[in-house]
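A quick write-up on the structure given underneath.
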Protein chains: 2
Amino acid sequence: MALIEENDAQSALTQLRAYMAQQQLPVNSRLPTERELCQALGVTRTAVRKALATLEAEGQLWRHVGKGTFVGTRPIEDLTDIATITGRTNPVEVMRTRELIEPEIARLAALNATGRDIEEMRLCMAKSRAADTWRQYESWDNRLHRVIAESTQNKLLLALFDTLNSVRRAVAWGRLRHNKPRPDPDHHSFAEHEALVEAIAERDMDRAAQAMRRHLESVERNLLRRRTAGR
Amino acid sequence: MALIEENDAQSALTQLRAYMAQQQLPVNSRLPTERELCQALGVTRTAVRKALATLEAEGQLWRHVGKGTFVGTRPIEDLTDIATITGRTNPVEVMRTRELIEPEIARLAALNATGRDIEEMRLCMAKSRAADTWRQYESWDNRLHRVIAESTQNKLLLALFDTLNSVRRAVAWGRLRHNKPRPDPDHHSFAEHEALVEAIAERDMDRAAQAMRRHLESVERNLLRRRTAGR
DNA sequence: TGAGCAACCAATTTCAGATTGGTTGTTTTT
DNA sequence: AAAAACAACCAATCTGAAATTGGTTGCTCA
């Protein structure tokens with residue numbers, strides 16, 4: 001009598017459908033555990049799992065080891081807070097991502113930067129040249145890069161830049177030693193910053209992007225050299 | 001003999017300064033606990049705390065209950081959460097930012113995507129073509145874009161993409177009506193997706209970036225048309 | 001062959017206890 | 001009387017073991 005008799009898996013599936021339909025279960029609410037469902041429905045765990053698998057394939061629920069079974073669609077993994085990101089990335093990814101995004105920011109900055117923005121970029125350059133310590137230099141360097149991001153006039157892009165920057169600060173490069181107490185007057189960054197800001201001031205988008213790319217590549221080489229050379 | 005004798009707090013401060021200077025302590029590294037410093041420096045905890053308070057005021061370290069004392073400046077508060085960003089941006093910025101970042105993601109994907117990644121992209125395309133409703137189509141479209149971001153193998157970049165995506169979903173475009181119940185078989189996105197994934201599969205970075213750019217521009221035109229035409 | 005079953009696995013949660021910077025009140029020292 | 005020393009306590013946080021949960025494997029039985 002195949003028409004009447006159902007196997008346990010079918011039975012469990014039917015009961016579960018009824019359960020989810022009748023109860024008006026809120027989205028994201030947790031279902032009983034598989035082991036509890038076994039007893040409640042009076043079927044084996046294998047049957048319950050088969051039924052749950054069907055419902056999951058239909059997108060009615062999602063499951064996760066250690067968490068449980070939940071109504072609705074699986075939430076997208078939220079990797080968007082700084083701490084989480086920091087825990088999953090590494091310095092190389094940070095550098096690659098900067099090289100990917102900041103040139104495009106520079107390109108847009110060349111299009112949108114105001115005269116005042118460009119003035120502030122030049123101020124940052126002057127201050128970084130006059131820095132007495134590496135810490136001061138880095139502070140003005142950071143500020144310059146942020147002003148460029150601000151000058152895109154795009155708040156969302158700026159927010160992404162800030163996220164990237166926070167991650168960069170949080171990811172430990174370890175202790176990078178400087179062999180001099182302060183940047184040399186001919187430190188590579190000075191000329192590169194100069195070329196970058198000049199390109200932005202002249203509204204040359206391609207050149208601005210390229211200048212930023214070269215600058216970041218130069219920064220990266222410097223970091224690697226300092227690490228591999230043991231100082 | 002005030003010139004020679006120092007009180008304990010001064011002594012502790014001096015010793016701590018020397019400790020931090022000599023050891024080349026990496027930024028974000030943790031100092032011994034206050035109670036340990038008491039013993040190490042042979043002074044009372046009150047003195048240690050007074051010295052630490054001075055150093056903290058100077059910005060050389062920061063402290064937090066239950067965590068400890070750390071070298072460097074206190075990590076900045078995370079203003080990069082979705083809600084904050086959403087409140088400060090608008091749909092145009094979202095679109096501009098997508099056009100800025102996603103082509104570069106596609107470019108990197110062409111370099112790093114695995115065979116399995118590309119298989120999944122093609123699955124997304126097939127599913128989106130077979131979609132019965134706009135909601136299903138959009139779900140598979142989203143999935144496709146995310147798989148491309150995943151295929152860069154860069155967790156940080158993926159996180160930025162997710163942030164951008166969350167903001168996009170949160171920023172209201174208003175109710176966009178579709179004049180048909182489901183995407184046409186010749187909906188513009190299908191061919192564009194095809195070209196994009198094809199470029200990635202062929203490892204053609206420039207073409208992948210360009211395909212993504214064209215696709216997003218096409219999407220934008222479509223959105224604008226639907227809005228200005230009142231449907 | 002397929003379902004039932006038990007044991008096991010790995011991811012996650014949970015919870016108690018330890019740790020840590022911060023605070024308060026009393027005692028000791030100067 | 002003022003300041004430092006000291007102890008006890010607090011709340012936030014970390015730590016680690018135990019329990020929980022979905023997923024997997026291998027064996028048994030019909």
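Chain letters run A, B, ... following the sequence lines, proteins first and then strands; every chain starts at 1.
With sequence neighbours left out, Arg146(A) forms a side-chain contact (heavy atoms from CB on, under 4.5 Å) with Arg143(A), Glu150(A), Leu158(A), Phe161(A), Asp162(A). Annotation: side-chain contact (heavy atoms from CB on, under 4.5 Å) contacts of Gln136(A) (sequence neighbours excluded): Ala131(A), Asp132(A), Thr133(A). Annotation: side-chain hydrogen bond (donor to acceptor under 3.5 Å, both in side chains) contacts of Glu202(B) (sequence neighbours excluded): Arg207(B).
A donor atom on one side chain and an acceptor atom on the other are found under 3.5 Å apart for Ser11(A) and Gln15(A). Looking only at atom types and distance, the side chain of Ser139(B) has no donor-acceptor partner in the side chain of Asn142(B) under 3.5 Å away.
If you take CD of Glu34(A) and C1' of dG4(C), they are 15 Å apart, rounded to a whole angstrom. The separation between Arg35(A) atom CZ and dA7(C) atom P is 12 Å, rounded to whole Å. Gln10(A) places its CD atom 15 Å from the C1' atom of dG2(C), with the value rounded to the nearest Å. We find that NZ of Lys50(B) is positioned 15 Å from C1' of dT23(C), with the value rounded to whole Å. When rounded to the nearest whole Å, the span between CZ of Arg49(B) and C1' of dT24(C) equals 12 Å. The CZ-C1' distance, from Phe70(B) to dT19(C), rounds to 12 Å in whole Å.
Identified under the salt bridge (charged side-chain N to carboxylate O under 4.0 Å, His left out) test for residues 31-49 of chain B, with sequence neighbours left out: Glu34(B)-Arg45(B), Glu34(B)-Arg49(B), Glu34(B)-Arg63(B).
Within residues 59-69 of chain B, the residues having any heavy atom under 4.0 Å from DNA chain C are, by residue number, Arg63(B), His64(B), Val65(B), Gly66(B), Gly68(B), Thr69(B).
His215(B) and His193(B) have perpendicular rings, their planes meeting at more than 60° on a 0 to 90° scale where under 30° would count as parallel.
Comparing Thr33(A) and Thr46(B), the nucleotide of DNA chain D nearest to each residue sits closer to the 5' end for Thr46(B).
The neighbour count for Gln39(B) CD, taken as heavy atoms of other residues, nucleotides or ligands under 6.0 Å away, does not exceed 12.
Note that the first and last nucleotides of DNA chain D, 5' to 3', having any atom under 4.0 angstrom from a heavy atom of chain A are dT21(D) to dT24(D).
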